[in-house]
There are 2 protein chains.
Amino acid sequence: MSTPRTRRKDARPDEIRAAALALFAERGFAATRLDDVARRAGIAKGTIYLYFPTKEDLFRALVRQDLLPNLAALEQAAAAHSGPAPARLRDLLATMAARMDAPTAAIPRLILAESGNFPALARFYAEEVVARGLALLTRVIAAGVAAGEFRPIDPAAVAPLAVAPLVMALLWRGSIGRHVPATPGPETLLATHLDLLLRALAP
Amino acid sequence: MSTPRTRRKDARPDEIRAAALALFAERGFAATRLDDVARRAGIAKGTIYLYFPTKEDLFRALVRQDLLPNLAALEQAAAAHSGPAPARLRDLLATMAARMDAPTAAIPRLILAESGNFPALARFYAEEVVARGLALLTRVIAAGVAAGEFRPIDPAAVAPLAVAPLVMALLWRGSIGRHVPATPGPETLLATHLDLLLRALAP
DNA sequence: TTGCTGACTGACCAATCAGTCAGTAATATC
DNA sequence: GATATTACTGACTGATTGGTCAGTCAGCAA
């Protein structure tokens, strides 16, 4: 009937978070049943409560633990790079775009949807992820301006514009895009975006 | 205790949709109780069922009836305009940006969030709203290219990039942005975007 | 082999909420 | 004014589901 019991205390939290992320991404937070999360993780519902006090805490843990490593990796990759600013900007955006298929890519959309029910989480995301990501981009652009590789322009105003197409593509792919044929491919989009952006920033 | 009964058959559907939209926007579809929708509309819950068979139908009616007039108005405004392409593009994006405060601005975010639970609605939105909106933009850009006002470039690839910052700003304002101080103002964002875009498209 | 610990289970409880419907009252018709 | 019609009400129900907990059993130590 049921699979035999196993005791894997340290692996459980990760497995539960992964299962929850997959289901939340598909159906949203409210519409996901913890029984389904448990079944997907191969455990009983009660086990979830050994590791997470409530459904909301599970969601919070998900966001906090699965998102930050991603961003940290991005920051390190950017710090290692030290070529000309246009190339750095190109690489940075391409690296971001390449992560669109990771399971964690669903998290931003979840936060958008649930920010009304989780204001604290919205603030956390704004400050720890968005602000840091934008700061990273702003730094690269500012360096380019300082070096004369970009024309003088407010880097903080350009940064959100530089990620906007990626964000839009990310949200689209995880939601509506799953039910509709892709209009222009993501590669075309990224290439065109970089073409436009770098030309717009040229001195 | 309760307000005296009134009979206003033809005004009810609009009021119910408006109340539902406000609450869906705030809490999401699943987390919104029909009792709350009824209270906000100033009626009893049963009355909702005189006009909408189910909660899902209410959501569908909301999207279909409140979104299309918006787009139609935009299409008409664009058709009336007949100046040089850069100015038309400017006006079009500015007009879109100006609608970000309307209650209907919450609908795209709702569809993003619920597309998994309402595939048909996602398809409807993709075909009737997104595709038409992009076609509108594509036409303007293509006209500019044909007239030599823009450099030769695939208009269909540029269109999504031209709206991306608006879409991002829209989603942000309705969700995370409500819990966090605005980083760059929307006017700055739009102005910078137009500056970059028109420069990138210049021959 | 035996006994113990605690990770795990799943039936259960309590609360929530979409949807129903018998009854009420506002308007229309005569 | 009397009667008919129907928009409207809100208490109710059935189903769902987050959360609990008494009991079970895998794995380890002695």
Side-chain angles (χ1 to χ4, degrees), chain A residues 1-63 110 113-114 116-118 121, chain B residues 1-63 110 113-114 116-118 121:
Chain A
M1 194 82 207
S2 57
T3 47
R5 256 190 211 190
T6 53
R7 292 160 63 93
R8 295 170 41 251
K9 182 179 169 54
D10 46 352
R12 294 294 185 218
D14 289 349
E15 295 173 356
I16 294 170
R17 288 207 319 276
L21 176 56
L23 291 173
F24 288 169
E26 197 173 322
R27 308 175 196 173
F29 174 76
T32 298
R33 286 170 293 263
L34 284 187
D35 257 321
D36 292 338
V37 174
R39 192 172 320 131
R40 190 181 178 110
I43 56 177
K45 187 172 66 169
T47 305
I48 296 176
Y49 286 91
L50 296 178
Y51 299 100
F52 303 95
T54 69
K55 189 186 182 187
E56 296 195 1
D57 283 297
L58 170 57
F59 182 41
R60 275 189 279 268
L62 192 62
V63 172
L110 280 171
E114 299 295 337
N117 303 115
F118 300 91
L121 206 56
Chain B
M1 197 82 205
S2 58
T3 47
R5 253 189 213 193
T6 54
R7 291 160 64 95
R8 293 169 44 249
K9 183 177 169 52
D10 48 350
R12 295 293 187 216
D14 288 350
E15 295 173 356
I16 294 170
R17 288 206 320 273
L21 175 56
L23 291 174
F24 288 169
E26 197 173 321
R27 308 174 196 173
F29 174 78
T32 297
R33 288 170 289 267
L34 284 187
D35 257 321
D36 292 338
V37 173
R39 192 172 321 131
R40 189 179 178 112
I43 56 176
K45 187 172 64 169
T47 305
I48 295 176
Y49 285 89
L50 296 178
Y51 299 100
F52 303 95
T54 69
K55 191 186 181 187
E56 296 195 3
D57 283 297
L58 171 57
F59 183 40
R60 275 189 278 269
L62 192 62
V63 172
L110 281 171
E114 300 294 337
N117 303 114
F118 300 93
L121 205 57

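Just so it is clear: chains get the letters A, B, ... in the order the sequence lines come, proteins before strands, and each one is counted from 1. Hydrogens, waters and symmetry mates play no part in the numbers below; they use all other heavy atoms, side chains included.
- In the set C:dG19, D:dG23, D:dG19, the nucleotide with an atom closest to the side chain of A:Thr54 is D:dG19.
- Atom NZ in A:Lys55 sits about 9 Å away from atom P in D:dT17, given to the nearest Å.
- Ranking D:dC25, D:dG19, C:dA26 by closeness to the B:Arg5 side chain, first place goes to C:dA26.
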* Just do the side-chain contact (heavy atoms from CB on, under 4.5 Å) check on A:Arg39 and A:Lys45 with the steps written out, would you? => CA-CA 8 Å; A:Arg39 192 172 320 131; A:Lys45 187 172 66 169; over 6 Å; no
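- Between the base of D:dC8 and the side chain of B:Arg7 there is no donor-acceptor pair shorter than 3.5 Å.
- Nucleotide C:dT27 holds its C1' atom 14 Å from the CZ atom of B:Arg12, rounded to whole Å.
- With D:dT20, C:dA18, D:dA7 as the candidates, the nucleotide lying closest to the side chain of A:Lys45 is D:dT20.
- Atom CG of A:Leu50 and atom P of D:dC21 are 13 Å apart (whole Å).
- One can place NZ of B:Lys9 at 14 Å from C1' of C:dA28, the figure rounded to the nearest angstrom.
- Remark: A:Thr6 is not in phosphate contact with D:dA26, judged by side-chain N or O atoms under 4.0 Å from OP1 or OP2.
- Salt bridge annotation for B:Glu15-B:Arg8: present, with a cationic side-chain nitrogen under 4.0 angstrom from a carboxylate oxygen.
- Contact annotation for B:Tyr51: backbone-only contact, meaning every heavy-atom pair under 4.0 Å involves sugar-phosphate atoms and none involves a base.
- Side-chain atoms of B:Lys55 come within 3.5 Å of backbone N or O of B:Thr32 as a donor-acceptor pair.
- Remark: the A:Arg12 side chain and the A:Thr6 side chain contain an N/O donor-acceptor pair separated by less than 3.5 Å.
- Of the candidates C:dC8, C:dA18, C:dG10, the closest approach to any side-chain atom of B:Tyr49 belongs to C:dA18.
- The two residues A:Ile16 and A:Ala41 have their closest heavy-atom pair at CA-CB, 4.4 Å.
- You'll find the ring centres of B:Phe52 and B:Phe59 outside the 6.0 Å limit.
- For the contact set between residues 18-39 of chain B and DNA chain D, defined by any heavy atom under 4.0 Å, there are no members.
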* To do: Using the side-chain contact (heavy atoms from CB on, under 4.5 Å) rule, take B:Leu34 and B:Tyr49 through it: C-alpha gap first, then chi angles, then the decisive distance, then the call.
  => CA-CA 10 Å; B:Leu34 284 187; B:Tyr49 285 89; 3.1 Å; yes
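- With rounding to whole Å, A:Ile48 atom CD1 is found 14 Å from D:dT17 atom P.
- Residue A:Phe52 contributes atom CZ, which lies 15 Å from atom P of D:dT20 at whole-angstrom precision.
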